[in-house]
Amino acid sequence: LSKFIRNAAFLDKVVSAEEAASWIDDGMTLGMSGFTLFGEPKEFPMALAERGKKEKFKVNLFTGASMGPAADGSMAEAGIINLRFPYNANPILRKQINEGEAFYIDQHLSHNAEYVRQGVLPGIDYAIIEAAAITEDGEIIPTGSVGNSPIYVETAKHVIIEVNVSAPAAYEGMHDIYVPGPAGENARCDIPLCEISQRIGSKGIKVDPAKVRGIVISSQPDIPSPLFEPNEETQQIADNLLHFLHEEVRKGRLPNNLAPLQSGVGSVANAVLNGMKDSGFKDIIVASEVLQDGVFDLIDAGVVKFAAGTALSLSKKRVDSLAEDLEKYADKVVFRPQEISNHPELIRRLGVISFNTALEVDIYGNVNSTHVSGTHMMNGIGGSGDFARNARITMFVTQSTAKGGAISAIVPFVTHVDHTNHDVDVIITEQGYADLRGLAPRQAAEAIIENCMHPSFKQQAREYFEEAKAKRGGHTPHLLDKAFSWHINLAEKGTMKLD
Ligand code: 0RQ
């Protein structure tokens, strides 16, 4: 164990996961490491969930972002989550949230640490952090994500460290932990990062040893995400996105290595990253939140030269070769806290190109990323808003229809707004793309309907738009009695196609 816990003061704190779980009282707030299934403690949450099956209590669960079956999964199943913050993608917990059994605060991921720092949220009783090691100086070396761990450790009353002895040793040195102090004039200056590969912080999370109550040992491997192979539609979206970028280069607005790139997660993002292999673009910098398989494939192909993020999200194939890969990529990859990877100041300074996935988009370019039919939470806004508001070019991608063609992803009015039209530059579907930059709302509507909509909904959209202009007018013409008629039709008849 002394290989992993290299500071003697920590060695005598080793306890079982069950003992650590017994310290948690009803109503406490837990700040856990973990982001897109990487870097989360596993033994502790499972032990807590087991306790939850026998005793009645609930806790608030704060994390970096989505957690895997050990935390969100087992804790939701045991019914012990009261308030979840700031992102969830677990289906069991999603159901509880949508049925009002669990509370959920869905927030821009770069803002979380500021809320915690300001004391707006319940204070952290226990921070539970997965570690690859504890150094001689007593720093916690995180595993595959940094997320919000530094602020949870800094503000928690107590800390539990889950040392994962199966975590690759190569994690050490891959993190750059920079934590801004309190905000205020003459209190906080600029983040001194001009080049994405610079190091501005420490390699581990500093912790006051007196706060560390226990150390749990784990040997559970990282949890893979599904690998999304491109299909015809996602491939077409990727081709359209790459075509847009090629045009930007041709017009002299972007160089051939583009600008630092942020890619969303999921099927389209992977298809775009795949497509980049043969795109002719070179020396790309990735300045993202999540680094998924495609980024590493592009490093291998010599297309990406450096990648920064806050977390990994990898398929089984990449999880299996992780230890080897991390050594290979040690000088090409860095992980930072999510308040830094997603920081508006850096996104703006670096001139990031961003693309994320929308659930639905309206004819004026407002984007709903979170709420199905305006009410039911899908996952959360995640980091998409951090990038959308501040990027040099903000793109949203979506398939033009969902549920076998019954739903148009482009509607007269989105039922929930995550990204206002002011934040959205380009909409891309498998049908084509609409570059909204420099267009007024009426022009944007024409471009979105003609370039992005599925042919089976185009006429219906044209009719809405023409009627809205004729009957109501305005800068952004709408018919308030019909703006949600497609959604109402869907709820009543199972399709957005009007009679
Ligand atoms: O449902 O699985 O039941 O069939 O929504 O849709 O097309 O599989 O897309 O997996 O990429 O997810 C927006 C949810 C897209 C995701 C969202 C249904 C559809 C399917 C999923 P089924 P797809 P994806 C991180 C940035 C917000 C967070 C974010 C997301 C399911 O991308 O959570 O961007 N984004 N973080 O059938 C009803 C519609 C629908 C619909 C699709 N209009 N109405 N249902 N679906 N469109 C990265 C950073 O680095 C910042």
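First listed ligand is number 1; within each ligand, the first listed atom is number 1. Side chains included, hydrogens not; waters and symmetry mates left out as well; all remaining heavy atoms used.
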Residue pair [X] / [Y]: nearest heavy atoms and the distance that separates them:
X      : Y      : value
Lys42  : Glu40  : NZ-O, 2.9 Å
Ser74  : Pro45  : OG-O, 3.9 Å
Gly351 : Pro260 : O-CD, 4.1 Å
Pro142 : Ile205 : CG-CD1, 3.9 Å
Ile448 : Asp362 : CD1-O, 3.7 Å

- Is it true that Ser354 lies under 4.0 Å from ligand 1, counting heavy atoms only?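 No, Ser354 has no heavy atom closer than 4.0 Å to ligand 1.
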- Close approach, Gly380 and ligand 1, non-hydrogen under 4.0 angstrom: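 Contact check Gly380 vs ligand 1: positive.
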Can you figure out which of [options] has its heavy atom closest to [atom]?
atom                    : options                        : value
atom 37 (O) of ligand 1 : His371, His419, His487, Lys403 : Lys403
atom 38 (C) of ligand 1 : Val411, Thr357, Ile407         : Ile407
atom 35 (N) of ligand 1 : Ser369, Ala409, Gly382, Ser341 : Ser369
atom 21 (C) of ligand 1 : His376, Met378, Met496, Gln338 : Met378
atom 29 (C) of ligand 1 : Asp418, Asn342, Val414, Ile381 : Ile381
atom 49 (C) of ligand 1 : Glu233, Glu360, Gln262         : Gln262

- Do the non-hydrogen side-chain atoms of Tyr87 and Asn379 ever get within less than 4.5 Å of each other?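 Yes; the side chains approach each other to less than 4.5 Å.
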- Is any side-chain heavy atom of Ile191 closer than 4.5 Å to a side-chain heavy atom of Tyr178?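 Yes, close enough: below the 4.5 Å cut-off.
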Looking at [Y] and [X], is any side-chain nitrogen of the basic one under 4.0 Å from a carboxylate oxygen of the acidic one?
X      : Y      : value
Asp176 : Arg199 : no
Glu466 : Arg462 : no
Asp325 : Lys317 : no
Asp423 : Arg389 : yes
Arg188 : Glu345 : no

- Task: Answer side chain, backbone, both or neither: which part of Ser263 comes under 4.0 Å from ligand 1, heavy atoms only.
- Result: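 Within the 4.0 Å criterion, Ser263 contacts ligand 1 through backbone atoms alone.
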- Message: Residue-level breakdown please: for Asn379 versus ligand 1, do any non-hydrogen atoms fall below 4.0 Å on the side chain, on the backbone, on both, or on neither?
- Response: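 For Asn379, only side-chain atoms sit under 4.0 Å from ligand 1.
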Interfacing atoms of ligand 1 (cut-off 4.0 Å, heavy-atom, [X]):
X      : result
Asn356 : 26 (C), 48 (C), 49 (C), 51 (C)
Gly264 : 48 (C)
Phe387 : 51 (C)
Val290 : 50 (O)
Tyr87  : 28 (C), 33 (O)
Glu289 : 25 (C), 48 (C), 49 (C), 50 (O), 51 (C)
Val372 : 38 (C)
Gly383 : 51 (C)

Nearest protein heavy atom under 4.0 Å from [atom], yes or no:
atom                    : value
atom 24 (P) of ligand 1 : no
atom 2 (O) of ligand 1  : no
atom 9 (O) of ligand 1  : no
atom 47 (N) of ligand 1 : yes
atom 12 (O) of ligand 1 : no
atom 17 (C) of ligand 1 : no

[X] atom [atom1], neighbour heavy-atom count above 12 within 6.0 Å:
X      : atom1 : answer
Phe484 : CZ    : yes
Lys458 : NZ    : yes
Gln118 : CD    : yes

- Message: Just to confirm my output: which protein heavy-atom neighbour is closest to atom 41 (C) of ligand 1, and how far is it?
- Response: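 For atom 41 (C) of ligand 1, the nearest protein heavy atom is Leu359 CD2, 3.8 Å.
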- For atom 34 (O) of ligand 1, what's the nearest protein heavy atom and its distance?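 Minimum-distance protein heavy atom for atom 34 (O) of ligand 1 reads Ser384 CB, 3.4 Å.
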Identify every side-chain donor-acceptor pair in residues 391-398 under 3.5 Å, counting partners at least two apart or on other chains, and give the distances.
residue	atom	partner	partner atom	Å
Arg392	NH2	Arg253	O	2.7
Thr394	OG1	Ala388	O	2.7
Thr398	OG1	Ala358	O	3.3

- Taking distance alone, with no angle check, do Gln399 and ligand 1 share an N/O pair under 3.5 Å?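 Among all N and O atoms of Gln399, none is under 3.5 Å from an N or O of ligand 1.
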